[in-house]
Amino acid sequence: GGMDFFAGCGRSDQRADYRTGSGNVYENTQRRGRDTFVNVGYSLGAHHLGLTVLEIDHWHVGNPNAASALDLDDYATKDLRSFDLRYDGASDSGELSWMVRYYRVDDRDSSIDPAMAWGYRESQFDTDTRGAQGQLTWERQWNRVIVGFDWDQQDARNVQKPTGTPYGVNADYERRGIFLSDQLSLMDRRLLVTVGLRYDGYTVETRSTQGYDNNLVTDDEDVNEWIPRLGIVWLATDTLRVKASVGRGILLPTATELAGDFTDGWGTHYLGNNDLDAEETWTYEVGVEYEKAAWMLSNSFFYTDYKDK
């Protein structure tokens with residue numbers, strides 16, 4: 001038990017431009033940055049409370065654009081702040097354990113052109129993410145059951161300075177999920193069967209955005225999905241394992257694809273489809289692994305079937 005502590009700090013200062021092995025120089029690729037990391041915790045028996053804080057500052061990062069349209073005074077900045085508070089605990093017998101976590105991340109990225117023909121311009125993209133997780137695990141000799149939840153919310157904001165129309169619209173994203181997993185150890189632990197089921201609910205909403213006041217219709221949409229998974233591992237011998245799995249995956253539409261209704265600064269009209277389904281995949285995989293002493297050989301075959309791609 002007692003206190004644990006770890007911290008680190010790094011500084012990078014690349015003043016020279018990038019040079020390839022053949023001697024070619026790519027101008028405006030210098031960068032400067034500073035990273036700071038602090039982790040502090042306290043343990044008491046089977047219980048541990050920890051806090052992690054991360055800070056990233058990168059400034060005057062060269063941003064030359066494409067080689068066909070070099071701009072040698074463009075640069076970018078990145079500022080990220082995050083903290084993560086987590087509690088882990090367990091019962092005296094060790095059969096029951098749990099975890100609760102809350103985190104927050106503020107991320108700001110800016111692209112700056114200080115000498116455009118019509119004046120200074122800064123394109124800024126900010127995301128504010130906060131979330132929570134909880135997990136309860138019950139484990140005995142032949143069975144391991146995990147049940148838990150996830151929640152996170154992200155606010156994405158676009159700003160053009162001093163004025164103008166950003167390249168994207170503001171949007172809010174929220175995800176709510178619950179999951180259940182059961183791992184069975186059979187045949188004297190030579191056969192492992194894992195069954196999992198997850199339910200996720202998503203909400204996306206477009207928000208009023210600078211420069212789009214007369215060209216944006218805000219809207220929100222909800223998407224709900226079940227995600228099952230099955231995995232089997234058979235220990236054929238002490239050195240040979242055979243494995244197989246099948247699982248469903250989804251890729252959600254963006255806020256613009258679902259709820260967008262706006263005209264950008266170039267005159268292009270974007271119209272979302274609130275009946276758009278999530279992209280669905282079913283992936284099937286089989287494989288073998290051979291391991292002996294310091295050697296390991298592995299080979300897998302997989303097939304993915306896409307729907308609504």
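Reckoned from all heavy atoms, side chains included, excluding hydrogens, waters and symmetry mates. Remember, it's a predicted structure, so these values are computed and weren't measured experimentally.
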(message) Holding to side-chain hydrogen bond (donor to acceptor under 3.5 Å, both in side chains), I want the full list of residues that pass it with Asp13, two or more places apart in sequence or in another chain.
(response) Arg15
(request) Could you tell me whether the side chains of Gln124 and Asp126 share a donor-acceptor contact shorter than 3.5 Å? (result) yes
(request) Show your reasoning for whether side-chain contact (heavy atoms from CB on, under 4.5 Å) applies to Asp305 and Thr283. (result) CA-CA 6 Å; Asp305 184 25; Thr283 299; over 6 Å; no
(request) Answer yes or no: is there a side-chain heavy-atom contact under 4.5 Å between Val145 and Ser181? (result) no
(message) Looking only at side-chain N and O atoms, does Arg101 offer a donor or acceptor that is under 3.5 Å from a partner on Gln133?
(response) yes
(message) Assess the residue pair Leu197 and Val195 against the criterion (side-chain contact (heavy atoms from CB on, under 4.5 Å)); give the C-alpha distance rounded to whole Å, side-chain angles, the decisive distance to 0.1 Å, and a yes or no.
(response) CA-CA 7 Å; Leu197 183 62; Val195 181; over 6 Å; no
(message) Can you list, by chain and residue number, the hydrophobic cluster partners of Leu192 when the side-chain cut-off is 4.5 Å?
(response) Val233, Leu235
(message) With heavy-atom distances below 4.5 Å as the criterion, would you say the side chains of Thr77 and Val61 are in contact?
(response) no
(message) Tell me every residue that passes salt bridge (Lys or Arg N to Asp or Glu O under 4.0 Å) with Lys78, counting only those two or more places apart in sequence or in another chain.
(response) Asp107, Asp109
(request) Consider only side-chain N and O atoms of Glu291 and Thr239, and report whether a donor and an acceptor are under 3.5 Å apart. (result) no
(request) Could you identify which residues cluster with Phe301, counting Ile, Leu, Val, Met, Phe, Trp and Tyr as linked when any side-chain heavy atoms lie under 4.5 Å apart, either directly or through a chain of such contacts? (result) Val286
(request) Carefully, step by step, assess Asp106 and Arg81 under the rule salt bridge (Lys or Arg N to Asp or Glu O under 4.0 Å). (result) CA-CA 5 Å; Asp106 295 322; Arg81 308 284 185 275; over 6 Å; no
(message) Looking only at side-chain N and O atoms, does Thr127 offer a donor or acceptor that is under 3.5 Å from a partner on Gln154?
(response) no
(message) Quick check against the 3.5 Å criterion: does Asn299 have a side-chain atom that pairs as donor or acceptor with the backbone of Val288?
(response) no
(message) Please enumerate all residues that pass ring pair (Phe, Tyr, Trp, His ring centres under 6.0 Å) together with Phe6, with sequence neighbours excluded.
(response) Phe37
(request) Just jot down the ring pair (Phe, Tyr, Trp, His ring centres under 6.0 Å) partners of Tyr75, sequence neighbours excluded, or say none. (result) His60
(message) Between Asp84 and Tyr103 (side chain of the first, backbone of the second, donor and acceptor by atom type, cut-off under 3.5 Å), is there such a pair?
(response) no
(message) Can you confirm whether the side chains of His58 and Asp79 place a donor and an acceptor under 3.5 Å from each other?
(response) no
(request) Under the salt bridge (Lys or Arg N to Asp or Glu O under 4.0 Å) rule, collect the residues that match up with Glu285, sequence neighbours excluded. (result) none
(request) Check side-chain hydrogen bond (donor to acceptor under 3.5 Å, both in side chains) between Trp282 and all other residues, then give those that pass, not counting sequence neighbours. (result) Glu280
(message) Under a 3.5 Å threshold, yes or no: a donor from one side chain and an acceptor from the other, between Ser123 and Ser111?
(response) no
(message) For the CZ atom of Arg34 and the CZ atom of Arg11, what is their distance to the nearest 0.5 Å?
(response) 6.5 Å
(request) May I ask you to check whether Tyr87 and His47 show a side-chain donor-acceptor distance below 3.5 Å? (result) yes
(request) Kindly write out the residues that satisfy salt bridge (Lys or Arg N to Asp or Glu O under 4.0 Å) with Arg198, not counting sequence neighbours, or none if the list is empty. (result) Asp150, Asp200
(message) The criterion is salt bridge (Lys or Arg N to Asp or Glu O under 4.0 Å); which residues satisfy it with Asp172, sequence neighbours excluded?
(response) Arg157, Arg207
(request) Name all pairs fulfilling the salt bridge (charged side-chain N to carboxylate O under 4.0 Å, His left out) condition that reach into residues 36-46, sequence neighbours left out, sorted by first residue then second. (result) none
(request) Walk me through it: do Ile146 and Leu180 pass the test side-chain contact (heavy atoms from CB on, under 4.5 Å)? (result) CA-CA 6 Å; Ile146 302 174; Leu180 174 66; over 6 Å; no
(message) Go through it in stages, so that I can follow the logic: the residues are Lys307 and Glu279, the test is salt bridge (Lys or Arg N to Asp or Glu O under 4.0 Å), and I'd like the CA-CA distance, side-chain angles, deciding distance and then a yes or no.
(response) CA-CA 6 Å; Lys307 181 181 178 182; Glu279 180 181 316; over 6 Å; no
(message) Checking Tyr199 now: which residues fulfil ring pair (Phe, Tyr, Trp, His ring centres under 6.0 Å) with it, not counting sequence neighbours?
(response) Trp226
(message) Distance alone, cut at 3.5 Å: any donor-acceptor contact between the side chains of Glu174 and Trp151?
(response) yes
(request) Find out whether Leu96 and Leu136 are in side-chain contact, i.e. whether some heavy atom of one side chain is under 4.5 Å from a heavy atom of the other. (result) yes
(request) Starting at CZ of Phe83, measure out to OG1 of Thr52 and round the result to the nearest 0.5 Å. (result) 11.0 Å
